[in-house]
Undergrad: 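Here's a structure for you.
Small disclaimer: the values here were computed from a predicted structure and weren't measured. The chain is numbered in sequence order, starting from 1.
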Amino acid sequence: MTSLSGTTPAVSANNFEIPLIDFGAFRQGDEKAKTETAKAILSGFQRAGFIYLYNHGISKASVSQAFDESVRFFKRPLAQKEELAWTTPEANRGYVRQGREKLASDNVNDGDVDKQRESEGQDLKETMNIGREGDGFDNHWPDSFDNEGKMFKSSMLAFFDECQHVNLEIMRAIAVGLGIQEHWFDSFCDAGDNTLRLLHYPKVSTEVFRKNKFQVRAGAHTDYGSITLLFQDMAGGLQVQSPDGTFVDATPIADTIVVNAGDMLARWSNDTIKSTKHRVIEPQKGSLENGTHPARYSIAYFCIPNVDSLIEAIPGTYDDAQDRKYPSIKSKQYLVQRLAATF
């Protein structure tokens, strides 16, 4: 496969490539650099559904603090975390203990999550979901427990806002790549109706994977929204499905964000952009202690179009009305449908 112009591959295997792109060239470059970067971003989403971005605008210090706060949160007693438990798909906030959620690749209309759950085992992770403040649903903060909980709330709110800024910039790059007005997506994405998800994959014995060769840490799935910003630690285990159906390691690269297109953006783009399956498996490399893999942490920022946005094919992604592959649907309606099938 020929590399995208102006990029280097972050991942290249099985005739499948995920590009590594300097986002600073879009954020701060001249018009030529901006346009070329936007086209590379769009092409990456069209060809792979995934890109890696560096010079993305979020400082190392901010990312490091978010990870530190995540580690401290998951070290809390289970009883405290369960007081903050996830409740409903409509709210989509709070703590999710290991075994409650099963990520699956099946579509909500025709799938069977139980079949995948049976073969892959339960997802070996716990999570904490945080949504936009002031939208009618309450976040489940640990600020009533102690001062550390108050610091967690403050840090996560600040990081949430930083990620939303990057979300808008990436959507503007997609618009430029599509040849539509740069700020076309702004009115669809400016509310910040997104979800910041902290993920902890506890340390796990290699024996768990020996007993079930299909066991994963997170099941193969596509994301539901427009794009996802993923911050990885260096533990490894993320894999992305290539066109031939095999899974390829998406190796962590320091100071980058892995960005993938979600199902809503694929639908929005009339399937000209790919929403690609991915999963988290047993790491192929890494330090083992007494036959145990260390914990893995990641942070995902799921970007969701404003809840009242009507998602229908973007201008230029179809010729005639009959070429539209999907009926119009409200963002919130689609998201709730998908979440309800997952929990």
Undergrad: Given side-chain contact (heavy atoms from CB on, under 4.5 Å), test Val280 with Leu199 step by step and report yes or no.
TA: CA-CA 11 Å; Val280 180; Leu199 297 106; over 6 Å; no
Undergrad: Answer yes or no: are there more than 12 heavy-atom neighbours, outside Lys203 itself, under 6.0 Å from its atom NZ?
TA: no
Undergrad: May I ask you to check if Lys125 and Tyr201 form a cation-pi contact, with NZ or CZ under 6.0 angstrom from the six-membered ring centre and within 45° of the axis?
TA: no
Undergrad: Taking the six-membered ring for Trp, are the ring centroids of Trp268 and Phe188 within less than 6.0 Å of each other?
TA: yes
Undergrad: Are Lys32 and Glu36 ion-paired here, with the side-chain N under 4.0 Å from a carboxylate O?
TA: yes
Undergrad: Scan for side chain to side chain donor-acceptor pair (under 3.5 Å) pairs involving residues 49-58, sequence neighbours excluded, and state none if there are none.
TA: Asp22-Asn55
Undergrad: How long is the span from the SG atom in Cys189 to the NE2 atom in His183, to the nearest 0.5 Å?
TA: 13.0 Å
Undergrad: Using the side-chain contact (heavy atoms from CB on, under 4.5 Å) rule, pick out the option among Lys75, Glu126, Arg97 that qualifies with Lys81.
TA: Glu126
Undergrad: If we ignore hydrogens and angles and just use 3.5 Å, is the side chain of Ser70 paired with the main-chain N or O of Ala66 as donor and acceptor?
TA: no
Undergrad: Does Ser298 reach the side chain of Leu230, with side-chain heavy atoms less than 4.5 Å apart?
TA: yes
Undergrad: Could you check whether any side-chain N or O of His278 sits under 3.5 Å from a backbone N or O of Val240, counting only pairs where one atom can act as donor and the other as acceptor?
TA: no
Undergrad: Out of curiosity, Ile174 CD1 to Ile227 CD1, how far, rounded to the nearest 0.5 Å?
TA: 5.5 Å
Undergrad: For Asp193 and Lys332, what are the C-alpha separation, side-chain angles and deciding distance, and is it a salt bridge (charged side-chain N to carboxylate O under 4.0 Å, His left out)?
TA: CA-CA 9 Å; Asp193 289 329; Lys332 184 71 171 183; over 6 Å; no
Undergrad: Okay, side chain of Lys274, backbone of Arg47: is any donor-acceptor separation there less than 3.5 Å?
TA: yes
Undergrad: Under 3.5 Å, is there a donor-acceptor pair between the side chain of Ser331 and the main chain of Pro305?
TA: yes
Undergrad: Counting only heavy atoms not in Asp320 (residues, nucleotides, ligands), do more than 12 fall under 6.0 Å from its CG?
TA: yes
Undergrad: Rounded at 0.5 Å granularity, tell me how far CG in Leu53 sits from CG in Leu229.
TA: 8.5 Å
Undergrad: Quick check, are the ring centers of Phe73 and Trp141 under 6.0 angstrom apart?
TA: no
Undergrad: Check step by step if side-chain contact (heavy atoms from CB on, under 4.5 Å) holds for Ile130 and Arg93.
TA: CA-CA 5 Å; Ile130 298 163; Arg93 286 160 164 80; over 6 Å; no
Undergrad: For the pair Leu178 and Leu42, evaluate side-chain contact (heavy atoms from CB on, under 4.5 Å) and give the outcome as yes or no after the intermediate values.
TA: CA-CA 7 Å; Leu178 286 169; Leu42 177 63; 3.9 Å; yes
Undergrad: For Ala48 versus Glu17, what's the shortest heavy-atom pair and its separation?
TA: CB-O, 3.4 Å
Undergrad: Which residue pairs pass the ring pair (Phe, Tyr, Trp, His ring centres under 6.0 Å) test with at least one member in residues 230-266, sequence neighbours excluded?
TA: Phe159-Phe231
Undergrad: To the nearest 0.5 Å, what is the distance between NE2 (His200) and CD1 (Ile299)?
TA: 13.0 Å
Undergrad: Evaluate salt bridge (charged side-chain N to carboxylate O under 4.0 Å, His left out) for Lys325 paired with Asp271, printing each intermediate quantity in order.
TA: CA-CA 8 Å; Lys325 294 184 176 182; Asp271 282 343; 3.8 Å; yes
Undergrad: Give the minimum heavy-atom separation between Phe209 and Ser205, together with the two atoms involved.
TA: CD1-O, 3.8 Å
Undergrad: If I take atom CE from residue Met264 and atom CD1 from residue Ile311, how far apart are they, to the nearest 0.5 angstrom?
TA: 6.0 Å
Undergrad: When the aromatic ring centroids of Phe67 and Tyr297 are compared, is their separation below 6.0 Å?
TA: no
Undergrad: For residues Ala235 and Pro283, report the shortest heavy-atom separation together with the two atoms involved.
TA: O-CB, 3.8 Å
Undergrad: Check this for me: does any side-chain nitrogen of one of Glu207 and Arg210 sit under 4.0 Å from a carboxylate oxygen of the other?
TA: no
Undergrad: Take Arg217 and Asp123 through the salt bridge (charged side-chain N to carboxylate O under 4.0 Å, His left out) test and state the conclusion after the steps.
TA: CA-CA 5 Å; Arg217 276 179 149 178; Asp123 282 2; over 6 Å; no
Undergrad: Can you give me the closest heavy-atom contact between Tyr334 and Asp263, atom names plus distance?
TA: OH-CB, 3.3 Å
Undergrad: I need the minimum non-hydrogen distance between Thr276 and Gly49, along with the two atoms involved.
TA: OG1-CA, 3.6 Å
Undergrad: Test salt bridge (charged side-chain N to carboxylate O under 4.0 Å, His left out) on Lys153 and Glu148 and set out the steps.
TA: CA-CA 9 Å; Lys153 177 179 179 179; Glu148 191 174 281; over 6 Å; no
Undergrad: Are the charged groups of Asp146 and Arg76 less than 4.0 angstrom apart, N to O?
TA: yes
Undergrad: To the nearest 0.5 Å, what is the distance between CG (Leu265) and CZ (Phe185)?
TA: 6.5 Å
Undergrad: Please check this pair: side chain of Thr317 against backbone of Ala313, looking for a donor-acceptor N/O pair closer than 3.5 Å.
TA: no
Undergrad: Which atom names give the shortest non-hydrogen contact between Ser242 and Asn14, and what distance separates them?
TA: OG-CB, 4.2 Å
Undergrad: Determine, step by step, whether Arg279 and Leu238 satisfy the side-chain contact (heavy atoms from CB on, under 4.5 Å) criterion, reporting the C-alpha distance in whole Å, the side-chain angles of both residues, the deciding distance to 0.1 Å, and the verdict.
TA: CA-CA 6 Å; Arg279 65 186 185 182; Leu238 176 66; over 6 Å; no
